[in-house]
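Below: the structure, in structure tokens.
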There are 2 protein chains.
Amino acid sequence: MTTNQLDRTLSALADPTRRAILAQLTSGERTVTELAEPFEMTMPAVTKHIKVLEKAGLVERSRDAQKRPCRLRAAPLKEVSDWIEEYRQSWEESLDRLGGYLQELQSTGRGHGRKEHIGSRKNKRRK
Amino acid sequence: MTTNQLDRTLSALADPTRRAILAQLTSGERTVTELAEPFEMTMPAVTKHIKVLEKAGLVERSRDAQKRPCRLRAAPLKEVSDWIEEYRQSWEESLDRLGGYLQELQSTGRGHGRKEHIGSRKNKRRK
DNA sequence: TTTATATTTTATCTTTTAGTAAATTAACTA
DNA sequence: TAGTTAATTTACTAAAAGATAAAATATAAA
């Protein structure tokens, strides 16, 4: 199976350490040492995680003396976002059904249920 | 590392076979045999993929005689969507920079470049 | 040149993942 | 009851992922 960009991005994201690294990078460049600090993990382990992120195009690096600062490149996330949008309607419908069910529970036996504005999110799509 | 819901969802999605299974389920319920048909893979292999999706809460199953129809449960994708939204501004900025660069290429040497709004996003940092 | 700092490479280990073939279970059908 | 269909379980293999310790590389600073 030819591993494409979406595969690389999603499997990079599937690891909590790597997501935490990306989160650190949202506030700016960080060296490997800085990135490694919050984790109970050796430097080589962090280096490896960074490489996975780099291959997925989620991290870019430069050089500053002995340091190799990393910065976030979020562009590949757009592809994930686009993929997931195909399913938005599907999950909104199911959440609506849940909402409707809860509401029904509430109003049952109370005689004044106000269900009208519930369970009707189908056309509330983000532009 | 305690594997949470987001981990399970993302690693389930990181496999192209499993994403293809989800795609098949968008048009309705499917049996394991039907789901397996497009793949060059044995049934047990598909059964395993379905189990991964099931544990991530992305697929739910019922019973119809010997058949075990699968249906899509897209709700866990909302969590992925919410996670990724945190990065939207970040990737939109970088795509803007790319757009700006292309625009700059176009206008260079034409005598009426409108570069003012280009390449000047340094202080547009996320709150 | 020696020393300190930052990071990577190499070699190794363990666990997880993805797949298979063969046997088994479960339910319908003749 | 025997046979068929649908799916799973079991046992096994190969490859990938995640981590480590120790050695190596690269750069700056004394």
Side-chain angles (χ1 to χ4, degrees), chain A residues 1-25 28-72, chain B residues 1-25 28-72:
Chain A
M1 184 74 68
T2 49
T3 304
N4 58 33
Q5 182 57 45
L6 190 52
D7 287 326
R8 270 191 299 274
T9 307
L10 284 168
S11 49
L13 298 181
D15 182 284
T17 302
R18 290 194 290 260
R19 290 200 306 279
I21 289 174
L22 293 183
Q24 288 187 75
L25 294 177
E29 291 202 349
R30 292 287 183 280
T31 66
V32 180
T33 309
E34 287 165 346
L35 288 173
E37 199 273 320
F39 306 112
E40 289 188 339
M41 201 180 290
T42 59
M43 288 278 290
V46 173
T47 296
K48 278 192 188 179
H49 281 303
I50 291 171
K51 274 198 177 153
V52 173
L53 291 167
E54 222 182 339
K55 274 171 191 157
L58 289 162
V59 156
E60 213 175 53
R61 326 189 59 180
S62 45
R63 175 138 240 165
D64 170 19
Q66 316 94 306
K67 297 171 192 168
R68 309 287 314 276
C70 302
R71 69 179 145 301
L72 180 64
Chain B
M1 181 77 68
T2 49
T3 305
N4 58 32
Q5 182 57 46
L6 189 53
D7 287 326
R8 270 192 299 274
T9 306
L10 284 169
S11 49
L13 297 181
D15 182 285
T17 302
R18 290 193 289 259
R19 290 200 305 281
I21 288 174
L22 293 183
Q24 290 187 74
L25 294 177
E29 292 201 347
R30 291 288 183 279
T31 65
V32 181
T33 309
E34 287 166 346
L35 288 173
E37 199 275 319
F39 306 112
E40 289 187 340
M41 202 180 289
T42 59
M43 288 276 290
V46 174
T47 296
K48 277 192 186 178
H49 281 303
I50 291 171
K51 275 199 175 150
V52 173
L53 292 167
E54 221 181 339
K55 274 171 190 156
L58 288 161
V59 156
E60 213 176 54
R61 327 189 60 180
S62 46
R63 177 138 238 166
D64 169 20
Q66 316 95 306
K67 297 171 189 167
R68 308 288 313 276
C70 301
R71 68 182 146 299
L72 180 65

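Convention: sequence-line order gives letters A, B, ...; per-chain numbering from 1.
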[X] [atom1] to [Y] [atom2] distance, which is reported to the nearest 0.5 Å:
X	Y	atom1	atom2	answer
Glu60(B)	Glu29(B)	CD	CD	9.5 Å
Thr9(A)	Asn4(A)	OG1	CG	8.5 Å
Leu13(A)	Leu13(B)	CG	CG	10.0 Å

Side chain to side chain contact (heavy atoms under 4.5 Å, CB included) between Arg19(B) and Asp7(A), worked out: CA-CA 10 Å; Arg19(B) 290 200 305 281; Asp7(A) 287 326; 2.9 Å; yes
Atom-to-atom span, [atom1] of [X] to [atom2] of [N] - whole angstrom:
X	N	atom1	atom2	result
Asp64(A)	dT27(D)	CG	P	12 Å
Phe39(B)	dG19(C)	CZ	P	10 Å
Leu35(A)	dT8(C)	CG	P	11 Å
Arg8(B)	dT17(C)	CZ	C1'	17 Å
Arg63(A)	dT25(D)	CZ	P	14 Å
Asp7(A)	dA17(D)	CG	P	11 Å
Met41(B)	dA21(C)	CE	C1'	16 Å

dT17(C) OP1/OP2 closer than 4.0 Å to side-chain N/O of His49(B): no
Any Arg18(A) side-chain nitrogen or oxygen under 4.0 Å from OP1 or OP2 of dG18(D):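 Arg18(A) to dG18(D) OP1/OP2: side-chain N or O found under 4.0 Å.
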Protein proximity profile, nucleotides 4-13 of chain D - base contact B, sugar-phosphate-only contact S, no contact -, cut-off 4.0 Å on heavy atoms: -BSBBB----
Upstream residue (5' side of DNA chain D) when Ser11(A) and Thr42(A) are each assigned their closest nucleotide: Ser11(A)
Would you be so kind as to tabulate the donor-acceptor pairs closer than 3.5 Å made by side chains of residues 35-58 of chain B, with sequence neighbours excluded?
residue	atom	partner	partner atom	Å
Thr47(B)	OG1	Met43(B)	O	3.2
His49(B)	ND1	Arg18(B)	NH1	3.1

Touch class at under 4.0 angstrom, heavy-atom based, for Ala65(B) against every strand present: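 Since only primed, P, OP1 and OP2 atoms lie under 4.0 Å of Ala65(B), the category is sugar-phosphate.
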Check: Arg61(A) side chain, Cys70(A) main-chain N or O, donor-acceptor pair, under 3.5 Å: no
Heavy-atom side-chain proximity of Asp64(A) to Thr31(A) below 4.5 angstrom: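 No - every pair of side-chain heavy atoms lies 4.5 Å or more apart.
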